[in-house]
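Each remark here refers to the structure printed beneath this line.
Every value quoted in this text rests on a predicted model; they were computed, and no experiment measured them.
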Amino acid sequence: RPTLGLVAEVKRRSPSAASSEDPARAPASHLETLLRALGGTWSWDGDLQYNRDGLRFDGTLSGAGLTVSETPVGDLEARISYRGESLQIREATLNAAGGGEVRMSGSIGFGAPGTMEIAATATGCAISPLLAILREPLPIDGRLDARIHVGGRPDAPAGHITLSLPSPR
């Protein structure tokens, strides 16, 4: 089975700009849209196919310098499979900006009506980037551990988070 190693700088752009560049090009896949939203530099290592049926990828996806709402979130390495409108996250690790780590796995079905099941565990993550993403200007600093479950639909996620603050040493 052939493999491909590819490094690409992903630029943010509006969906209308993307479609106006080449009217014959198929709309961006849900995976491409997600990667553009996170910005950074992405490496693909695995089996990549792109044809009239869309993007298919099975392998390791690595992202460096990722952001959410212009807040740095860190670097990601994930073993995934993406076909059609389905993303399977076999395992993923985010080395969080400010320290700490988030490990996750799960799946997202982007086709109507859409499904999402993601489980994650955060260890020793800085609180300040999370507050910046949530746009909560609270005078809190430190690190946290968390167990996270997100379900529902991609357009209406629901979930729960169990937070704990590590004991000071």
Query - Full working for side-chain contact (heavy atoms from CB on, under 4.5 Å) between T60 and S62 - result: CA-CA 6 Å; T60 301; S62 301; 4.0 Å; yes
Query raised in the report: How many angstroms lie between CG in L61 and CZ in R79, if you round to the nearest 0.5 Å?
Result: 13.0 Å
**Report entry** Donor-acceptor under 3.5 Å (R103 side chain, T93 main chain)
**Finding:** no
Report summary line: Note: R83 and F57 closest approach over all heavy atoms is NH1-O, 4.5 Å
Query raised in the report: If you look at every heavy atom in R143 and G100, which pair is closest and at what distance?
Result: NH1-N, 4.4 Å
Report task. Give a yes or no answer on whether the side chain of D58 reaches the backbone of G46 with a donor-acceptor pair at less than 3.5 Å. Result -> no
Query raised in the report: At their closest point, which heavy atom of A92 faces which heavy atom of L76, and how far apart are they?
Result: CB-CD1, 4.1 Å
Report summary line: Shortest non-hydrogen pair, P129 vs T71, comes out as O-CG2, 3.8 Å
**Report entry** Straight-line distance of S105 OG to E91 CD, nearest 0.5 Å
**Finding:** 8.5 Å
Identify every side-chain donor-acceptor pair in residues 152-159 under 3.5 Å, counting partners at least two apart or on other chains, and give the distances.
residue : atom : partner : partner atom : Å
R153    : NE   : D155    : OD1          : 3.0
R153    : NH2  : D155    : OD1          : 3.3

Query - Pairwise distance CD(E77) to OG(S43) - rounded to 0.5 angstrom - result: 9.0 Å
Report task. Answer yes or no: does atom CZ of R147 have more than 12 heavy-atom neighbours from other residues, nucleotides or ligands under 6.0 Å? Result -> no
**Report entry** For A146 against L163, the heavy-atom pair lying closest together
**Finding:** CB-CD2, 3.6 Å
Report task. Report the distance from atom OG of S86 to atom CG of L31, rounding to the nearest 0.5 Å. Result -> 11.0 Å
Report summary line: One should read off an interatomic distance between L34 CG and F110 CZ, to the nearest 0.5 angstrom, of 6.0 Å
Under 3.5 Å, side-chain donor or acceptor atoms of residues 112-128 against the rest of the protein: list the pairs with distances, not counting sequence neighbours.
residue : atom : partner : partner atom : Å
E117    : OE1  : H149    : NE2          : 2.7

Query raised in the report: Any luck finding a side-chain donor-acceptor pair between T67 and E70 under 3.5 Å?
Result: no
Query raised in the report: Is there a donor-acceptor contact under 3.5 Å from the side chain of Y82 to the main chain of H30?
Result: yes
Query - side-chain contact (heavy atoms from CB on, under 4.5 Å) between Q49 and L55, intermediate numbers included - result: CA-CA 6 Å; Q49 300 176 25; L55 175 71; over 6 Å; no
Report task. Please report the closest heavy-atom contact between L66 and G39, naming both atoms and the distance. Result -> CD2-O, 3.5 Å
